[in-house]
Amino acid sequence: MSDEDVRKGLAGVVADYTAISKVNPESNSLLYRGYPVQELAAAKSFEEVALLLWTGELPSEEELTVFEAFERANRALDANVKAAIDLLPLDCHPMDVGRTAVSVLGANHALAEDSSPEAELEKAKSLFAHFPAVVAYDQRRRRSLAPVAPRDDLDYSQNFLWMAFGEEAAPEVVDAFRVSMVLYAEHSFNASTFTARVITSTLSDLHSAVTGAIGALKGPLHGGANEAVMHTFDEIGIRKEETREEAAARAKAWMEDALAKKKKVMGFGHRVYKNGDSRVPTMKGALDKMIAYFDRPEMLGLYDGLEQAMQEAKAIKPNLDYPAGPTYHLMGFDTDMFTPIFIASRITGWTAHIMEQRAANALIRPLSAYNGVDERHLG
Ligand SMILES: CC(=O)SCCNC(=O)CCNC(=O)[C@H](O)C(C)(C)COP(=O)(O)OP(=O)(O)OC[C@H]1O[C@@H](n2cnc3c(N)ncnc32)[C@H](O)[C@@H]1OP(=O)(O)O
Ligand SMILES: O=C([O-])CC(=O)C(=O)O
């Protein structure tokens, strides 16, 4: 085996087919089941997009109504999950809470070991419905606030924000949140989805695969970057009284210093897109609306300053986590809740891939090139 045979990070390796999404770095496009993600983000609910990812088609009005009724009926915080979360320390990372919650939901699901397509879809829908209450409950318990019961007169995004904050969010905020959920839902063989597929390939169960995927998403080179972006903003310092230009100048100086010290700045760069992430313009549009709604031009200054300095120094473009982080911050979420929100969205893509992997399974087991000590013997 030569060095050329070793593909570190599996970079450039095509591991399988997928019909769920197409990431095209040349045209800078992303299609979910054939539809450009920008079109879906402009016109469809997250509930519709979830059904599209799972089934391959947008739902009829009747199919959507049935699913919405299911989702609304399964929104309450599961009692076993609540009991498990209550045992976890308040200072553990919320991703640990999310990972634990999915594990508990799996252990308690009547269809846990049933891998028929019908059971898998049922479990995917159930996770979709149950997970927002986990994020909302965890944020509230960390703030010493009582949980807020879900409301079945609200849609998914409205209810998510209701449970998290205990008040109805403005339509502008709901819409920005919905857009983020649609954009975060699916992205082919990213690290967490591939993790879910590896686990599924051993014929393990759906909740195990999602639990593993959460572990992969947590890292700052992947989903954890949306939190890391906010830590960068915090390190630079968010000064509400500052003008956009003043904030931009400080952010530029921070970035120049960070790059001079050879730091990796989270929220920039991508393994597949080398000329910009297809989802960023739409998410940046949602961020702009939040900046206008909350009247926070200094946040735009920080955003622009970092982006410009990175562009000038290394021509590396932002990825989806870059606009998503400050958007969630402006909505009022705690920073370490950002990646659990990403889970709530990516549950759709992960479970679609789990079903696809199972339908045409091959054990995922690459080779390795041994570079340890030569053969040796005892005594
Ligand atoms: C939803 C998502 O998961 S999107 C991804 C979220 N992740 C991040 O934002 C983390 C920051 N970004 C990164 O670490 C990388 O860009 C990755 C891991 C996403 C992709 O990187 P890879 O394709 O493996 O490229 P790699 O990390 O080797 O970078 C190539 C070069 O660009 C540089 N580079 C890439 N991203 C960054 C960055 N964010 N900041 C500074 N330099 C960077 C690297 O240092 C490297 O430079 P070198 O050739 O001089 O050593
Ligand atoms: O595709 C990737 O490698 C990471 C990413 O953008 C995602 O998972 O949304």
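Quick note: numbers below take in every heavy atom, side chains included, and nothing from hydrogens, waters or symmetry partners. We count ligands from 1, going down the list as the structure has it; atoms in each ligand are counted the same way.
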Check whether any heavy atom of [X] sits under 4.0 Å from an atom of ligand 1.
X: Lys263; value: yes
X: Tyr322; value: no
X: Met310; value: yes
X: Lys274; value: yes

Please tabulate, one line per pair, the protein N or O atoms found under 3.5 Å from any N or O atom of ligand 2, giving the distance to one decimal.
residue	atom	partner	partner atom	Å
ligand 2	1 (O)	His187	ND1	2.7
ligand 2	1 (O)	His270	NE2	3.4
ligand 2	6 (O)	His187	ND1	3.3
ligand 2	6 (O)	His270	NE2	2.7
ligand 2	6 (O)	Arg279	NH2	2.7
ligand 2	8 (O)	Arg346	NH1	2.9
ligand 2	8 (O)	Arg346	NH2	3.4
ligand 2	9 (O)	Arg279	NH1	2.7
ligand 2	9 (O)	Arg346	NH2	2.6

Before we go on, tell me: are the rings of [X] and [Y] under 6.0 Å apart, centre to centre?
X: His270; Y: His187; value: yes
X: Phe268; Y: Tyr322; value: yes
X: His329; Y: Phe294; value: no

Would you give me the side-chain donor-acceptor pairs under 3.5 Å for residues 61-70, sequence neighbours excluded?
residue	atom	partner	partner atom	Å
Glu63	OE1	Ser60	N	2.7
Glu63	OE1	Ser60	OG	3.3
Thr65	OG1	Glu61	O	2.7

No-hydrogen, no-angle side-chain donor-acceptor test under 3.5 Å, [X] and [Y]:
X: Asp155; Y: Ser157; answer: no
X: Ser45; Y: Tyr156; answer: no
X: Thr339; Y: Asn226; answer: yes

Should you measure from each heavy atom of [X], which atoms of ligand 1 turn up under 4.0 Å away?
X: Ala225; result: 6 (C), 7 (N), 8 (C), 9 (O)
X: Phe342; result: 1 (C)
X: Ile316; result: 32 (O), 33 (C), 34 (N), 35 (C), 37 (C), 42 (N), 43 (C)
X: Met266; result: 9 (O), 10 (C), 11 (C)

| Hydrophobic clusters join Ile, Leu, Val, Met, Phe, Trp and Tyr when side-chain heavy atoms are under 4.5 Å apart, directly or via other members; which others share one with Val148? | Leu154, Trp162, Met163
| remark: For Leu90, the hydrophobic cluster (side chain heavy atoms closer than 4.5 Å, chained through members) also holds none
| Parallel, tilted or perpendicular: which fits the ring planes of Phe342 and Tyr184, with parallel below 30° and perpendicular above 60°? | parallel
From the candidates [options], the one that places a heavy atom nearest [atom]:
atom: atom 19 (C) of ligand 1; options: Gly267, Gly12, Gly269, Pro220; result: Gly269
atom: atom 18 (C) of ligand 1; options: His222, Arg271, Lys264; result: Lys264
atom: atom 1 (C) of ligand 1; options: Asp321, Leu320, Asn190; result: Asp321

| query | Can you tell which of Leu53, Ile214, Leu127 makes a side-chain contact (heavy atoms from CB on, under 4.5 Å) with Trp350? | reply | Ile214
| message | Does atom OH (Tyr370) have a neighbourhood of more than 12 heavy atoms from anything else shown, all under 6.0 Å? | response | yes
Any protein heavy atom lying closer than 4.0 Å to [atom]?
atom: atom 23 (O) of ligand 1; value: yes
atom: atom 30 (C) of ligand 1; value: no
atom: atom 39 (N) of ligand 1; value: yes
atom: atom 4 (S) of ligand 1; value: yes
atom: atom 10 (C) of ligand 1; value: yes

| Would you call Arg75-Asp152 a salt bridge at under 4.0 Å N-O? | no
| Centre of Tyr303's six-membered ring, under 6.0 Å away, within 45 degrees of the axis: is that where NZ or CZ of Lys284 sits? | yes
Of the protein's non-hydrogen atoms, which lies at the shortest distance from [atom], and what is that distance?
atom: atom 50 (O) of ligand 1; answer: Lys314 NZ, 4.6 Å
atom: atom 36 (N) of ligand 1; answer: Phe268 O, 3.8 Å
atom: atom 7 (N) of ligand 1; answer: Leu221 O, 2.8 Å

| note | Residues Ser188 and His353: closest non-hydrogen pair is O-NE2, 3.9 Å
